[in-house]
Amino acid sequence: MCGGNPTRRGVIAGAAAMVAVPAFAKPRDPQVAGYQGLREGTVQAFKGIRYARAARFAPPQIEPLAAEKTPAANFAPICPQRGLSDQPQSEDCLFLNIWTPEANPKAARAVMVYFHGGAYTTGSATDPLTHGQHLAEQGDVVVVTVNHRLNALGYLWLQPLGVQFADSGNLGQLDLICALQWIRHNIHYFGGDSSRVFTFGQSGGGAKIATLMAMPAARGLFHSAATMSGQQVVASGPAHAWARTRSFFDKLKIAQGDVEALCHLSIDRFVEGLRAVDPIMGGSAYFGPVLDMTNLPRHPFWPDAAPQSLNIPMILGNVSEETRAFLDPRGPKLQGLNWDNVAGRMAAEVKIDLDPAYVIAQYRAHHPDWSAEQVYYAATTAGRSWPGQVIEADARAAAGADKTWVYCLTRRSPLDPLRGAAHTDDIPYIFGTLDAPGSFSGTDVDARGTRDALQGAFVRLAKAGEGSWTPYRLSTRATMLMSENPRVENDPRGWERAMWATAPYVQPGS
C-alpha cells in the first residue's frame, strides 16, 4: 500500500463519534453538527462534507463528523480524470453533498443518494443537472450526492503484487460503501431517516449500484434503488483486469510490477496512464469492479441476480434512443449513412454478435417507413445500451423479486430534434433541473408533466418502497413508457428484445 494505515477489509463499520446538536445561527446561514452550509431556495445545502480519507491504493477510512465549525458551502475537488479539466481535481476527493428541507433530527425524511455516471472513469457529483435543491424541495426528501475514486485510482487491479493490494480492484466501490455507512450514522442530523435510504444512479452510477447489490459489505446500507441506463451484468475478471494493469504500466513506461514507482507518481502523470489502450476491448483502458472473491465474490447479475439484492425494491430504466447522445447525429459516423453502409456501421457499435445484414433486414421488415438513420439508432441502442437492463430485469423476475419496475423514457427533446430521447435525458426530469446547463428537456408544460411522473415514481419508491405502475413479470414485461402522457405497455419492442437475445451480450469491461 502507498501510505496510511488502513484496515484490511477497507471500510470501518463502527459509528463515528457524534458531536454537536444541530443549531441554526440565522435563516441564511444554517449550521448542523459543525458544518456551516447555505440556503438554496427553500432548502438547506451542505456541500463538500468529507466522509472518508484514503491513501493511494488503500481502502477508505470513515471520517467522523466535524468537531468544530467547518465551511460546507462549496463543492470539494473531484477525482482526477482526463475530463472536466475546468473543475478542481484532487486525489483527496471523498466528499458528499446534502440538500435538506429541514435539518431537524426529528424530521426523518427519506434519503435519496445519487451516484454519478461516467463509466467508472469520469464524471462527478458537481454536474448542474444533479444538484439536489429542486428534488429535495419538490419531493420533500433529503438528497445526497457522492464523489469517489474513479478510473485507475479506484479500480486498478494490483492484487497480484501483494496481499496489501487485495482491495485494489474495488476501492471505488468501497468508497461508496463508506459513504453509505457515513449516511447511516449521521444523516439524521440533517433530517434524514437512515432506515429509508434509496440509491439511484445514471449510466455508470447505475452500474455501481448493480455491483453493490452483490457486495456483502453493502448489505443493509440501502433499502431501495433505481438504475437509469446503467447495468453491471458481470464484473471484470481478474485475468482481464491484470492485462489492463500491465497496459497501464506500459503506457507510463514503468517497469511491470514496479508498484513503488506507481505509488510515488505525480497525479498528472498518473492521469496520462489513463490513455492506455484496453487489451481486451480496444479503445481506452477500462477500469471497473473486479471479481476478487472477497469484496465482490460473484458477478452482480450472472448467472442470476445476486440473492442479497432480491428483497430490495428496484426501478430499472432506459431511454428509447440511448446512442444519439454519443453517436453524434451531426458527427462523422453519420455522414453519408445510407442503406448500403448502415449494416457495417451498426455492427461496429453493438455488443452482441449477430449478422448485421440480418439485423438490418429485420428492422426494415418491422418498420418499412423508417430511414437508415432511424434503424441505425434503434439497432445500436437495442444491441448496446439496452440489453443489460433487460437481462437484469429478467433475472430479478426469474428469481421472484416481485418489487421490480421498468420504464423507458420516450419523450424526445423539444430543444434538439436530432437528439431524440437520448442517454442522460432522464436526469433533469428526476432532479427537477429542467433549466440547468446541459438539459435537453425544455421547461414547458410537457417537460413539467414528465418530471412530475418520473420524479414522483422515484420519490414514492424512496419513501414507501413501492412502485407507481405494474410490476415487471416475465409473462408480461410491463414497462412504463415515460413522457408527459405516461402509459404502461407490455413488452414494448418485444421483437427487438427477442432478436438481440439470440446471441450473448458482451458487458463492456468483462
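All residue numbers refer to positions in the sequence shown, counting from 1. None of the values given here were measured: they were computed from a predicted structure.
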Minimum heavy-atom separation for [X] to [Y], with atom names?
X	Y	answer
P313	N311	CD-O, 3.3 Å
L354	M499	CD1-O, 3.5 Å
R298	P307	NH1-CD, 3.5 Å
E496	A382	OE1-CB, 3.4 Å
T130	F431	O-CE2, 3.3 Å
R56	C263	NH1-O, 3.4 Å

Check whether more than 12 heavy atoms from other residues, nucleotides or ligands sit under 6.0 Å from atom [atom1] of [X], and answer yes or no.
X	atom1	value
R487	CZ	no
H299	NE2	yes
W469	CH2	yes
D353	CG	no

Discussion item. Taking side chain to side chain donor-acceptor pair (under 3.5 Å) as the definition, give me every residue that meets it alongside Y286, ordered by chain and number, with sequence neighbours left out.
Written reply: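 By the side chain to side chain donor-acceptor pair (under 3.5 Å) rule, Y286 matches no residue at all.
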Practice prompt. Mind checking side chain to side chain donor-acceptor pair (under 3.5 Å) for R497 and listing every partner two or more places apart, or none if nothing turns up?
Written response: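 R497 satisfies side chain to side chain donor-acceptor pair (under 3.5 Å) with D491 once adjacent residues are dropped.
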Test item: [X] and [Y] side chains (from C-beta on) under 4.5 Å apart, heavy atoms:
X	Y	value
D394	R477	yes
E489	T410	no
M314	T227	yes
L461	F200	no
L161	W242	yes
F270	F248	yes
F57	R149	no
V113	V146	yes

Worksheet item: Taking E322 as the fixed residue, which of R384, H423, Q389 is the one that meets the side-chain hydrogen bond (donor to acceptor under 3.5 Å, both in side chains) rule?
Response: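 For E322, the side-chain hydrogen bond (donor to acceptor under 3.5 Å, both in side chains) test succeeds with only one of R384, H423, Q389, which is H423.
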Can we say [X] and [Y] salt-bridge, meaning some charged N sits less than 4.0 Å from an Asp/Glu carboxylate O?
X	Y	value
R412	E321	yes
E466	K403	yes
R324	D416	no

Fill in: Derivation and outcome, side-chain contact (heavy atoms from CB on, under 4.5 Å), residues D402 and R473
CA-CA 8 Å; D402 57 351; R473 303 285 186 268; 3.5 Å; yes
Worksheet item: Would M346 and T323 satisfy side-chain contact (heavy atoms from CB on, under 4.5 Å), going step by step from the backbone distance to the final call?
Response: CA-CA 11 Å; M346 175 277 296; T323 54; over 6 Å; no
Looking at [Y], is its backbone amide N or carbonyl O close enough to the side chain of [X] to form a donor-acceptor pair, meaning the two atoms are under 3.5 Å apart?
X	Y	result
T404	R396	no
T211	A207	yes
S168	L158	yes
R411	E484	no

Under 3.5 Å, is there a donor on one side chain and an acceptor on the other for [X] and [Y]?
X	Y	value
S236	R244	yes
Y505	Q231	no
Q202	Y114	no
S124	N147	no

Item to complete: Tell me, with the steps shown, if N318 and V406 meet side-chain contact (heavy atoms from CB on, under 4.5 Å).
Response: CA-CA 8 Å; N318 78 300; V406 169; 5.6 Å; no
Fill in: Of W495, Y377, Y358, the residue whose pairing with Y363 passes ring-ring contact (aromatic ring centres under 6.0 Å, His included)
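Exactly one option meets the ring-ring contact (aromatic ring centres under 6.0 Å, His included) with Y363, and it is W495.
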Item to complete: Please report the C-alpha distance between Q173 and Y155 in whole Å, then the side-chain angles of each, then the deciding distance to 0.1 Å, and finally whether the side-chain contact (heavy atoms from CB on, under 4.5 Å) criterion is met.
Response: CA-CA 8 Å; Q173 295 300 116; Y155 299 95; 2.9 Å; yes
